[in-house]
Asker: 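Quick one: this structure, given as structure tokens, is what I'll be asking you about.
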Amino acid sequence: MTVIVKTHINKYIEKLSESAERVFTALAYENPELWWIGNYQILIYQTAVENKYNLLFLTLPEGSIFENYSPVTISEYSKRIENVKNEIMDQISNQTLTTDYAIMRFVHDYLIIKIQYILDESLDHIRTVYGALVDNICVCEGYAEAFQYIVSKYGINCIIARSSTHEWNFVQMNDKWYIVDVTYDDPIKKGINKPQGSADNLQTQYFLIGTNHKFKNGNRYSDESDHVLVYSAYSDLIIIDYPEIESSDYIPSELEIEELNLIDLSNIITDSSFIYDPNYESYNENLSNSEIMRNFGVKIFKILIIIFITIYLLL
């Protein structure tokens, strides 16, 4: 990308850096399927023409976790994510779930049963949607991004929320915003980290709650340090805005409650001693390399176009 700088280059770089941070924060918060994009790097080179510079954005810079992943590998991994997503959506369709409430409860419960929370930095995908849906091993980022990735396919307005130590979701229901924290509803129980396929620790304390929600231990959501928001994926700057969250919990309709009776996740529960009850009360196809490269190229091209246009408009 070639740009003509009409101001002092240092001022331009400062403005460019802030604009790029806005764009990549938006990518990180709203596009969990772009799991390989984490850090980024901006390179700017002066040309032989006065005030003309070449601008280059690196989405896999040196030192990033996935820098050695080829386009073929990235596309293959993305296809695996899509396959699991399609399997989940098929189950939702087969169980004739129609309300956003029941669909989100299905996804919430599915992720808790399938995923084992493991913090092991030697694993590449513990902070991605791939770790959540394919490996079924991740930390909070995987839970939140997998939840957003799936429910957004139903037109549900769901965003990522971040603090300096945690990641969860905000969801819009009937023009109002509520909290969903799938990770916190999959706790370590009595000192035991439940394995994949266990529903023994399945909770709904953090499902569509408001900021004044009070837990049985007396704490309120608004008092929890892990839920103090940050406003950028890369710095302490205020880069994004969050919607205003309701103070009260979401109250489901009779239809939404009735649909919970349709949910059946017994097929993914490996603990035979546990009977899944959605009304509990508690806290593709193989692609050739040429097809893979073509699909990956189209996706990258669209991403770069969005980046360039957005940053151009912000400058």
Asker: Give, for atom NE2 of His213 and atom CD of Glu224, the distance between the pair rounded to the nearest 0.5 Å.
Answerer: 9.0 Å
Asker: Contact between Glu259 and Ile103 at the side-chain level, heavy atoms closer than 4.5 Å - yes or no?
Answerer: no
Asker: Just one of Glu167, Glu145, Glu121 clears the salt bridge (charged side-chain N to carboxylate O under 4.0 Å, His left out) bar with Arg127, so which one?
Answerer: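 Only one of Glu167, Glu145, Glu121 forms a salt bridge (charged side-chain N to carboxylate O under 4.0 Å, His left out) with Arg127, namely Glu121.
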Asker: Counting distance only, does the side-chain N/O of Ser152 pair as donor-acceptor with the main-chain N or O of Gln148 below 3.5 Å?
Answerer: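 A pair under 3.5 Å: yes.
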Asker: Do Asp226 and Thr165 get their side chains close enough for a donor-acceptor pair, meaning under 3.5 Å?
Answerer: yes
Asker: Measuring from Glu33:CD to Lys85:NZ, what's the distance to the nearest 0.5 Å?
Answerer: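 Interatomic distance, Glu33 CD to Lys85 NZ, rounded to 0.5 Å: 9.5 Å.
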Asker: In Å and rounded to the nearest 0.5 Å, what is the CD1 to CG distance from Ile113 to Leu265?
Answerer: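 The CG atom of Leu265 is 4.5 Å from CD1 of Ile113, to the nearest 0.5 Å.
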Asker: Taking Asp135 for its side chain and Ile137 for its backbone only, find out whether a donor-acceptor pair lies under 3.5 Å.
Answerer: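 No, because the side chain of Asp135 does not come within donor-acceptor range (under 3.5 Å) of the backbone of Ile137.
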Asker: Any side-chain heavy atom of Leu208 within less than 4.5 Å of one from Ile179?
Answerer: no
Asker: Starting from the C-alpha separation in whole Å, work towards a yes-or-no answer on side chain to side chain contact (heavy atoms under 4.5 Å, CB included) for Ile81 and Val134.
Answerer: CA-CA 6 Å; Ile81 294 170; Val134 181; 4.2 Å; yes
Asker: What's the separation between atom OG1 in Thr59 and atom OH in Tyr40, rounded to the nearest 0.5 Å?
Answerer: 12.5 Å
Asker: Of all heavy-atom pairs between Asn31 and Ala26, which one has the smallest distance, and what is that distance?
Answerer: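 Looking at all heavy atoms of both residues, the closest pair is ND2-O, 3.8 Å.
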Asker: Can you see which heavy atom on Leu202 is nearest to which on Asp109, and at what distance?
Answerer: CD1-OD1, 3.8 Å
Asker: What is the minimum heavy-atom distance between Asn39 and Pro61, and which atoms define it?
Answerer: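 Heavy-atom minimum between the residues: O-CD, 3.6 Å.
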Asker: Measure from the side-chain N and O atoms of Ser93 to the backbone N and O of Met89, and report whether any donor-acceptor pair falls under 3.5 Å.
Answerer: no
Asker: Do other residues, nucleotides or ligands put more than 12 heavy atoms under 6.0 Å from the NZ atom of Lys176?
Answerer: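 Not more than 12 within 6.0 Å, no.
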Asker: Counting only heavy atoms from other residues, nucleotides and ligands, does the tally under 6.0 Å from CG of Asn267 exceed 12?
Answerer: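 Yes - once you tally the heavy atoms of other residues, nucleotides and ligands closer than 6.0 Å, there are more than 12.
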Asker: Quick check: does any side chain N or O of Thr183 sit under 3.5 Å from a backbone N or O of Tyr143, one acting as donor and the other as acceptor?
Answerer: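 Absent.
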Asker: For Glu14, is the CD atom crowded, meaning more than 12 foreign heavy atoms sit under 6.0 Å from it?
Answerer: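 Open.
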Asker: Tell me which one of Tyr130, Tyr69, Trp35 satisfies side-chain hydrogen bond (donor to acceptor under 3.5 Å, both in side chains) with Asp124.
Answerer: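 Only one option passes, and that is Tyr69.
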Asker: Could you check Tyr101, Tyr178, Phe147, Tyr250 and say which one makes a ring pair (Phe, Tyr, Trp, His ring centres under 6.0 Å) with Phe207?
Answerer: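 Among Tyr101, Tyr178, Phe147, Tyr250, the one that satisfies the ring pair (Phe, Tyr, Trp, His ring centres under 6.0 Å) with Phe207 is Tyr101.
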Asker: Got a second to check how far Tyr231's OH is from Asp241's CG, nearest 0.5 Å?
Answerer: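 Rounded to the nearest 0.5 Å, the OH-CG separation comes to 8.5 Å.
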Asker: May I ask you to decide if the ring planes of His166 and Tyr184 are parallel, tilted or perpendicular, using 30° and 60° as cut-offs?
Answerer: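 The rings of His166 and Tyr184 sit tilted, inter-plane angle from 30° to 60°.
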Asker: Take Thr128 and Phe66 through the side chain to side chain contact (heavy atoms under 4.5 Å, CB included) test and state the conclusion after the steps.
Answerer: CA-CA 11 Å; Thr128 72; Phe66 306 111; 4.0 Å; yes
Asker: Look at the side chain of Glu246 and the backbone N and O of Gly210, then say whether any donor-acceptor pair between them is shorter than 3.5 Å.
Answerer: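 No, Glu246 side chain to Gly210 backbone: no donor-acceptor pair under 3.5 Å.
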Asker: Could you check if a side-chain atom of Ile159 sits within less than 4.5 angstrom of a side-chain atom of Tyr29, using non-hydrogen atoms only?
Answerer: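 The answer is no, as the side chains (C-beta and beyond) never meet within the 4.5 Å cut-off.
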Asker: Same cluster for Tyr206 and Ile251 if Ile/Leu/Val/Met/Phe/Trp/Tyr side chains link at under 4.5 Å?
Answerer: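 Looking at the clustering, Ile251 is in a separate group from Tyr206.
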Asker: Could you tell me if the side chain of Leu133 sits less than 4.5 Å from the side chain of Tyr149, heavy atoms only?
Answerer: yes
Asker: Under the side chain to side chain contact (heavy atoms under 4.5 Å, CB included) test against Asp249, which residue among Asn212, Ile209, Thr211 passes?
Answerer: Ile209
Asker: We want to know whether Asp186 and Tyr117 form a side-chain donor-acceptor pair, criterion being a heavy-atom distance below 3.5 angstrom.
Answerer: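 Not at all, the side chains of Asp186 and Tyr117 share no donor-acceptor pair under 3.5 Å.
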Asker: Side chain to side chain contact (heavy atoms under 4.5 Å, CB included) for Gln95 and Ile263? Distances and angles first, verdict last.
Answerer: CA-CA 7 Å; Gln95 296 183 25; Ile263 299 177; 4.2 Å; yes
Asker: Would you say that Tyr110 contacts Ile150 through its side chain, given a criterion of any heavy-atom pair below 4.5 Å between the two side chains?
Answerer: no
Asker: Report whether Val182 and Leu119 are members of the same hydrophobic cluster (ILVMFWY, side-chain heavy atoms less than 4.5 Å apart, transitive linking).
Answerer: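 Yes, same cluster.
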Asker: In Å, rounded to the nearest 0.5 Å, how long is the span from CG of Asp120 to SG of Cys138?
Answerer: 12.5 Å
Asker: Would a hydrophobic clustering, with Ile, Leu, Val, Met, Phe, Trp and Tyr connected at side-chain separations under 4.5 Å, put Phe170 with Val228?
Answerer: no
Asker: Tell me whether Leu97 is reachable from Leu255 by hopping between hydrophobic residues (I, L, V, M, F, W, Y) whose side-chain heavy atoms are closer than 4.5 Å.
Answerer: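 Looking at the clustering, Leu97 is in a separate group from Leu255.
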Asker: Indicate yes or no: at least one non-hydrogen side-chain atom of Ser253 is less than 4.5 angstrom from one of Thr99.
Answerer: no
Asker: Measure across Ser232 and Leu237 and return the closest heavy-atom pair with its distance rounded to 0.1 Å.
Answerer: CB-O, 3.6 Å
Asker: Under a 4.5 Å side-chain heavy-atom rule over Ile, Leu, Val, Met, Phe, Trp and Tyr, are Val49 and Leu43 clustered together?
Answerer: no
Asker: Just so I know, are the side chains of Arg105 and Thr204 near enough to count as touching, which here means a heavy-atom distance under 4.5 Å?
Answerer: yes
Asker: Would you kindly say whether Asp181 and Tyr221 are connected by a side-chain donor-acceptor distance under 3.5 Å?
Answerer: no
Asker: Can you name the nearest heavy-atom pair linking Ala132 to Ile115, along with the distance?
Answerer: O-CG1, 3.6 Å
Asker: Within a reach of under 6.0 Å around CD of Glu254, are more than 12 heavy atoms found that belong to other residues, nucleotides or ligands?
Answerer: no
Asker: If you take all heavy atoms of Glu67 and Glu62, which pair is closest and at what distance?
Answerer: OE1-CA, 3.4 Å
Asker: Is any side-chain heavy atom of Ile74 less than 4.5 Å from a side-chain heavy atom of Leu60?
Answerer: yes
Asker: Are Tyr242 and Arg162 close enough, and set up right, to give a side chain to side chain contact (heavy atoms under 4.5 Å, CB included), and what steps lead you there?
Answerer: CA-CA 10 Å; Tyr242 291 102; Arg162 280 187 180 178; 4.3 Å; yes
